[in-house]
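Convention: sequence-line order gives letters A, B, ...; per-chain numbering from 1. These numbers come from a predicted model, not from an experiment.
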Protein chains: 2
Amino acid sequence: MVDESWSPPEVLVTVDLVILTLREASLHVLLVERGVEPYLGERALPGGFLNNAGEGIAEAAARELREEADLDGAQLHLEQLGTYGKPARDPRGRVISVAYLAIAPGLPEPVAGTDAAGAGWEPVEDVLAGRLGLAFDHRQIVADGVERARGKLEHTALATAFCGATFTIAELQQVYEAVWGVELDPRNFYRKVQKVPGFIESAGDERKATKGRPARLFRAGATTVLHPPLVRPDPATEEERQ
Amino acid sequence: MVDESWSPPEVLVTVDLVILTLREASLHVLLVERGVEPYLGERALPGGFLNNAGEGIAEAAARELREEADLDGAQLHLEQLGTYGKPARDPRGRVISVAYLAIAPGLPEPVAGTDAAGAGWEPVEDVLAGRLGLAFDHRQIVADGVERARGKLEHTALATAFCGATFTIAELQQVYEAVWGVELDPRNFYRKVQKVPGFIESAGDERKATKGRPARLFRAGATTVLHPPLVRPDPATEEERQ
DNA sequence: ACAATAGTGTCTGTGAGACAATATTAG
DNA sequence: CTAATATTGTCTCACAGACACTATTGT
């Protein structure tokens with residue numbers, strides 16, 4: 001370390017949340033409208049400062065999840081995404097942000113946050129394409145979150161976190177298609193998913209769709225890591241098809 | 001956020017490094033002996049406080065890499081691993097640590113750090129098994145770093161970062177075997193590695209081993225992501241063999 | 001009946017792993 | 001020559017993807 005006379009600088013730490021969900025078969029992220037400077041009035045990720053008390057970073061993330069999105073961190077998938085500390089990222093001074101990724105099943109309607117002026121789900125595509133500007137470096141954080149989710153869908157049962165307590169295989173497929181941005185063959189997907197031990201388990205009864213034969217219902221299984229993994233189709237392979 | 005009258009708490013931020021290398025065909029991590037309280041005299045990861053000036057977190061990691069291990073961050077693989085902020089992890093007060101993972105090729109001998117009392121490479125196995133105790137929560141950080149490296153070997157060209165400028169395929173195989181802790185078939189590995197476009201490229205001449213036929217030399221290719229990936233053998237498949 | 005979706009069966013090419021065979025060096 | 005390692009060749013089995021086909025509902 002360094003000599004005792006030197007005193008290290010103190011910095012402010014915020015926790016920001018990338019909360020993803022599926023709405024109308026496309027990926028959405030929860031954004032709030034900032035009620036204070038800086039970036040007043042602009043869209044930003046929900047988040048806030050780390051509390052004084054003996055609050056761990058993960059606890060702070062769960063607290064913000066509760067305060068700003070009214071979601072229960074204990075029930076949801078919540079994992080650390082990364083830490084962002086570029087010197088000039090916050091005009092207030094030396095602020096670094098620890099970002100967390102949360103996955104929520106489809107929710108009824110725009111969640112009204114307690115803190116933020118207004119909260120609402122926005123299409124991830126609009127954010128990534130820059131059609132919707134975000135405060136700070138939050139666009140980059142969203143991009144990292146989506147990329148993380150895409151990768152984890154392959155090797156973990158994360159996709160079930162987008163669904164409700166029970167779901168059909170077609171619904172599960174829509175999750176993969178929306179997050180990966182690809183189309184999958186329903187028949188191959190059907191067998192493939194069921195072949196992974198512990199991924200999903202039957203929930204007994206049936207459920208009717210608006211049209212066609214009713215589908216079986218399933219719930220998430222005990223397994224969190226998928227053996228074998230569900231690999232997403234290689235875009236390079238598509239080109240070969242000519 | 002919160003009302004303006006409330007003032008968020010300031011915390012101290014350290015940057016810690018998990019520097020991995022290969023020595024005698026097994027994975028080693030760089031550790032220093034702490035010269036100050038707390039944990040004086042115990043082993044710990046190299047690291048230090050974030051500087052006052054406009055120093056980004058990644059820059060701080062590169063600086064520590066230079067100061068404590070005399071390695072050039074621009075040449076090495078250096079990526080953020082995660083942020084650790086349990087309230088009681090540091091007796092000095094509210095300190096959170098941003099951990100970085102660095103991969104270094106086999107180096108001549110114990111690197112003498114400038115700051116730390118003593119520095120040396122220790123087998124990762126000793127740390128993970130608890131035979132060698134570490135300060136703070138550094139054992140967990142090492143475990144996370146090794147796990148990250150294992151996964152990245154599958155999908156990225158990270159393995160070449162363990163090697164020198166040129167290397168044989170057998171040496172590359174030793175990297176995979178040491179990090180994954182498995183044995184691989186040299187013949188299948190040989191073809192598999194060469195089939196991945198851009199992973200490795202020939203370096204022309206030859207080089208003799210102590211015994212046997214001399215092996216071709218290769219250098220790292222331009223590709224960083226492997227298509228197709230090198231999947232590590234599924235341990236469940238081994239049991240089937242009976 | 002038809003449309004629409006759920007679920008099953010079958011074929012085929014590719015690729016991974018097992019392992020035989022050949023090449024090239026040192027001693 | 002033999003030992004040791006590098007490199008190439010070949011076989012086989014499993015599996016992913018394409019897609020025909022059957023099942024079960026609403027209208």
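- Nearest nucleotide to the side chain of A/Arg213, out of C/dA16, D/dA23, D/dT8: D/dA23.
- Between B/Lys195 and C/dA16, a side-chain N or O to OP1/OP2 separation shorter than 4.0 Å is present.
- If you find the closest nucleotide of DNA chain C to A/Gly212 and to A/Gln194, the one lying nearer the 5' end belongs to A/Gly212.
- Between A/Arg191 and A/Pro214, it is A/Arg191 whose nearest contact on DNA chain D lies nearer the 5' terminus.
- Between A/Phe189 and A/Tyr176, a ring centre-to-centre spacing shorter than 6.0 Å is recorded.
- At C/dG17, one or more side-chain N or O atoms of B/Lys192 fall inside 4.0 Å of OP1 or OP2 (strictly under the cut-off).
- Nucleotides of DNA chain C nearest to B/Pro228 and B/Lys211 differ in position, and the one nearer the 5' end is that of B/Pro228.
- Ionic pairing of B/Glu33 and B/Arg43 is not present here: no N-O contact between side-chain nitrogen and carboxylate oxygen is shorter than 4.0 angstrom.
- Between A/Leu230 atom CG and D/dC15 atom C1' the separation is 13 Å, expressed in whole Å.
- Proximity note for A/Asn188 (side chain, C-beta onward) versus D/dA18, C/dG7, D/dT8: the nearest is D/dA18.
- Toward the 5' end of DNA chain D, the nearer of the two residues B/Leu217 and A/Asp185, judged by each one's closest nucleotide, is B/Leu217.
- Remark: B/Arg207 engages B/Glu171 in a salt bridge, criterion side-chain N to carboxylate O under 4.0 Å.
- Going from atom CZ of B/Arg207 over to atom P of C/dA26 covers 15 Å, rounded to whole Å.
- One atom, CG of A/Leu184, and another, P of D/dG17, lie 9 Å apart when rounded to the nearest Å.
- Counting to the nearest Å, the C1' atom of D/dT5 and the CD atom of B/Gln174 are 12 Å from each other.
- What separates OH of B/Tyr190 from P of C/dT22 is a distance of 18 Å, to the nearest Å.
- Atom-to-atom, CG of A/Leu172 to C1' of C/dG7 comes out at 16 Å; the value is rounded to the nearest Å.
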(message) ring pair (Phe, Tyr, Trp, His ring centres under 6.0 Å) for A/His155 and B/His155? Distances and angles first, verdict last.
(response) CA-CA 13 Å; A/His155 303 95; B/His155 303 95; 5.5 Å; yes
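- The minimum heavy-atom distance between B/Pro228 and B/Val196, with the atom names listed, is O-CG2, 3.7 Å.
- Counting distance only, with no hydrogens placed and no angle test, the side-chain atoms of B/Arg187 and the base atoms of C/dA20 include a donor-acceptor pair under 3.5 Å.
- In this structure, the CZ atom of A/Phe189 is 17 Å from the C1' atom of D/dC15, given to the nearest Å.
- We find that CD1 of B/Ile169 is positioned 17 Å from P of C/dT24, with the value rounded to whole Å.
- Contacts of B/Arg216 with the nucleic acid, taken as non-hydrogen atoms under 4.0 Å apart, involve only primed sugar atoms and P, OP1 or OP2.
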